[in-house]
J.: 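Quick one: structure below, then a few questions.
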Amino acid sequence: MSPSELLKPTLYAAEGTAAVPDHPALHGGKCTCGHVFFPMQTYGCEVCGRNGDALQPLRLSGRGKLIATATVHIHAGKPPKPEVKPHEVPFTIGSIALEDGPTVRTLLVGVAGKALKPGTAMVATLVPVGTGAASILDLRFTPAS
Amino acid sequence: MAKTLKDLRPVYVVGAGWHRYQPLSETPYVMLGLPAIRGALADAGIAWTDVESTYFGTGLLGMAAGRAMLKHLGATGRPLVHIENASASGSAAFRHACIEIAAGIADVSLVIGVDKPGVVQRAFTKTGISNLADDAIVPFTHFALLTNEYANKHGVAPEDVALVAVKNHRNGALNPHAHRQQVRTLEEILGGRPVSGTLTALQCCPVGEGAAAVIVVSEDAIKRLGIDPAHAVRVTASAASSERAGAVGAADASITKDTIAEALAQAQIGPRQIDVMELHDAFTIEELQYVEAMGICKPGEAIHLLKEGAFDIGGQCAVSPSGGLIAMGHPIGPTGVGQIGELALQLRGDAGPRQHKGAKVGLAHMVGLGAVCYVHVLQRP
Ligand SMILES: [Zn+2]
């Protein structure tokens with residue numbers, strides 16, 4: 001397998017967590033007050049305001065439950081760099097409540113023809129998004145089964 | 001202990017003016033704002049030289065728009081401040097003008113909102129913290145997700161949600177200041193261009209250009225300037241908030257719930273006493289969620305009231321008789337000011353073909369990206 005580059009390595013890793021080893025983990029964080037958040041940052045905690053070392057990296061499992069979906073028909077945004085494919089409409093966005101706490105929103109794959117009921121088990125997956133020879137991977141969510 | 005607006009000097013809205021909300025044109029912003037201000041001054045029956053301070057709500061014009069416009073009314077040398085608060089810029093400008101009058105620092109203030117669509121990079125994208133799909137999720141998809149969640153939770157069909165747009169387009173067709181002035185059928189709305197999820201183009205607000213102005217004054221000014229008291233509508237509550245950690249559910253609805261509750265407490269009224277309200281209905285789903293959040297009915301029941309005509313002009317409570325953001329339009333800075341102007345007309349009985357008869361209590365509500373929320377209550381004395 002040729003080496004792959006992650007599009008947003010500060011947000012996720014190809015390796016999963018111990019609990020969910022087969023799906024990419026998300027780079028979240030945890031505050032000493034107990035608040036779990038995504039993405040990781042040390043600016044300050046949204047709940048208690050502690051900053052710096054009070055906020056420690058916490059890898060979140062790539063598993064959660066679907067809250068809502070929307071298939072987007074109009075999109076004007078450009079890709080972050082020329083080596084990355086633009087989002088082609090229609091594409092589907094999902095809100096997913098991660099089992100570790102935070103809610104994330106991103107593109108879904110593998111949902112054509114599937115009933116996307118709230119509560120559907122979802123997992124993270126990496127998909128190729130490059131336009132050229134180099135392999136660039138970005139995170140998506142997909143139904144667990 | 002901190003005071004509310006009602007504990008201070010009474011504040012009145014005595015004039016309103018607009019430049020029609022419309023698609024982006026060659027008209028310079030100055031020539032959008034000046035007709036609105038001159039209209040508001042004429043409506044109040046006062047002169048520009050009577051105005052002691054100006055609050056200018058704008059989100060997209062860029063730095064220092066105000067003096068370059070106001071000097072064409074005669075450069076009086078009076079204070080001027082610009083207020084940006086995303087979609088709620090005009091509502092914020094209104095609140096701070098009210099506070100100045102209530103505090104006794106001025107007797108007559110102008111609130112003006114002017115905007116033209118322009119390229120402004122949103123600061124929240126420059127925090128240095130990125131997210132998974134910032135580039136793919138714009139506001140209409142945020143509200144499409146909320147629509148899907150609401151529809152699933154309450155068993156509401158997309159064609160029912162679209163009924164909000166039928167009502168608001170019908171109201172907008174009666175408003176000469178509205179961006180969209182055409183009655184639309186449910187079929188036209190559902191059959192329009194798909195945007196995101198079940199939202200179609202006519203269920204999303206148009207963001208164009210325009211201007212709205214209101215004049216706020218003290219009792220002293222009413223007496224001194226000989227303003228007709230029947231032309232004065234009192235501001236009995238001003239509440240504002242921003243998103244907080246740990247709130248339950250969608251942020252827009254949860255801050256709406258808290259802020260409307262605070263405003264109603266200030267005015268010492270209940271939600272069912274509101275005769276007319278202007279809501280932040282940038283997308284159809286919002287009207288249903290906010291009507292429920294303020295306690296007019298239980299979650300999931302707004303659609304039944306809407307179908308019964310409870311929110312029509314002449315119904316139990318006229319919701320967005322101006323046409324709301326969906327039909328009147330959402331030029332950003334003017335939007336919140338225009339809501340106050342519409343309520344002033346309604347409470348004076350001057351709203352012409354869209355008059356909600358006997359309106360005594362009005363409520364204006366705006367949400368801005370971030371999220372922030374503003375609620376004002378206006379009452380006929
Ligand atoms: Zn904390």
Side-chain angles (χ1 to χ4, degrees), chain A residues 7-12 26-27 29 31 33 35 37-49 66-80 84 86-97 102-108 116-120 124 138-141, chain B residues 117 119 121-122 124-156 158 161 191-204 207 242-251 283-285 289 370-371:
Chain A
L7 181 62
K8 296 176 177 175
T10 59
L11 297 181
Y12 45 82
L26 286 84
H27 291 308
C31 177
C33 77
H35 180 55
F37 52 90
F38 175 83
M40 175 56 193
Q41 51 86 18
T42 53
Y43 293 179
C45 171
E46 190 170 341
V47 171
C48 73
L66 190 65
I67 297 171
T69 64
T71 297
V72 180
H73 300 283
I74 299 176
H75 180 65
K78 290 199 180 86
V84 174
H87 300 304
E88 282 182 17
V89 293
F91 57 84
T92 300
I93 300 290
S95 291
I96 295 114
T103 292
V104 296
R105 286 173 165 184
T106 194
L107 286 89
L108 305 183
L116 293 169
K117 293 214 168 79
T120 300
D138 194 17
L139 192 88
R140 300 286 185 268
F141 273 80
Chain B
V119 181
Q121 196 188 349
R122 292 162 167 190
F124 75 87
T125 64
K126 299 187 280 192
T127 60
I129 300 170
S130 68
N131 217 317
L132 292 172
D134 292 333
D135 58 332
I137 306 173
V138 296
F140 59 62
T141 293
H142 167 70
F143 287 102
L145 289 164
L146 295 185
T147 305
N148 179 248
E149 191 178 347
Y150 181 93
N152 280 326
K153 192 170 174 186
H154 299 297
V156 171
V161 176
R193 187 180 182 194
V195 175
S196 189
T198 56
L199 291 174
T200 51
L202 291 173
Q203 296 185 66
C204 306
V207 177
S242 64
E243 194 172 331
R244 63 183 164 83
V248 181
F283 302 92
T284 38
I285 186 66
Q289 290 194 311

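In what follows, chains carry the letters A, B, and so on, assigned in the order in which the sequence lines appear, proteins first and then strands, with residues in each chain numbered from 1.
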J.: Pick one of side chain, backbone, both or neither for B/Tyr150, based on which atoms fall under 4.5 Å of a heavy atom in chain A.
T.: neither
J.: Can you tell me how far apart OG1 (A/Thr106) and CG (B/Asn131) are? Round to the nearest 0.5 Å.
T.: 8.0 Å
J.: When the ring planes of A/Phe91 and A/His75 are compared, do they come out parallel, tilted or perpendicular, using 30° and 60° as the limits?
T.: perpendicular
J.: Between B/Leu199, B/Ile129, B/Thr147, who has the most heavy-atom pairs with chain A when the cutoff is under 4.5 Å?
T.: B/Ile129
J.: Report which part of A/Val104 has an atom under 4.5 Å of a heavy atom belonging to chain B: side chain, backbone, both, or neither.
T.: side chain
J.: Please look at B/Ile137 and chain A and tell me whether the side chain, the backbone, both or neither of the residue comes under 4.5 angstrom of a heavy atom of that chain.
T.: side chain
J.: First locate atom CZ of A/Arg140, then atom OH of A/Tyr12, and finally report the distance between them rounded to the nearest 0.5 Å.
T.: 7.5 Å
J.: Quick check for you: among B/Asn152, B/Asp134, B/Leu132, B/Thr141, which has the greatest number of heavy-atom pairs under 4.5 Å with chain A?
T.: B/Leu132
J.: Hey, which of B/Gly246, B/Ser196, B/Ala151, B/Ala201 has the most heavy atom pairs under 4.5 Å with chain A?
T.: B/Ser196
J.: Mark yes when over 12 heavy atoms from residues, nucleotides or ligands other than B/Lys126 sit less than 6.0 Å from its NZ; otherwise mark no.
T.: yes
J.: Which bit of A/Glu46 is near chain B, if near means a heavy-atom gap under 4.5 Å: side chain, backbone, both or neither?
T.: both
J.: Quick check against the 3.5 Å criterion: does A/Tyr43 have a side-chain atom that pairs as donor or acceptor with the backbone of B/Thr127?
T.: yes
J.: Please flag which part of A/Ile93 lies under 4.5 Å from any non-hydrogen atom of chain B: side chain, backbone, both or neither.
T.: both
J.: I'd like to know which of A/Arg105, A/Lys8, A/His35 tops the heavy-atom pair count under 4.5 Å against chain B.
T.: A/Arg105
J.: For each of A/Ile67, A/Leu7, A/Thr69, tally heavy-atom pairs with chain B at distances under 4.5 Å, and name the one with the top tally.
T.: A/Thr69
J.: With side chains defined as the heavy atoms from C-beta onward, is the minimum distance between B/Leu146 and B/Phe283 less than 4.5 Å?
T.: no
J.: Could you grab the distance from atom OG1 of B/Thr284 to atom CG of B/Leu202, nearest 0.5 Å is fine?
T.: 10.5 Å
J.: Identify which part of B/Arg244 has an atom lying under 4.5 Å from any heavy atom of chain A, answering side chain, backbone, both or neither.
T.: neither
J.: Rounded to the nearest 0.5 Å, how far does CG of A/Leu26 lie from CZ of A/Phe38?
T.: 4.5 Å
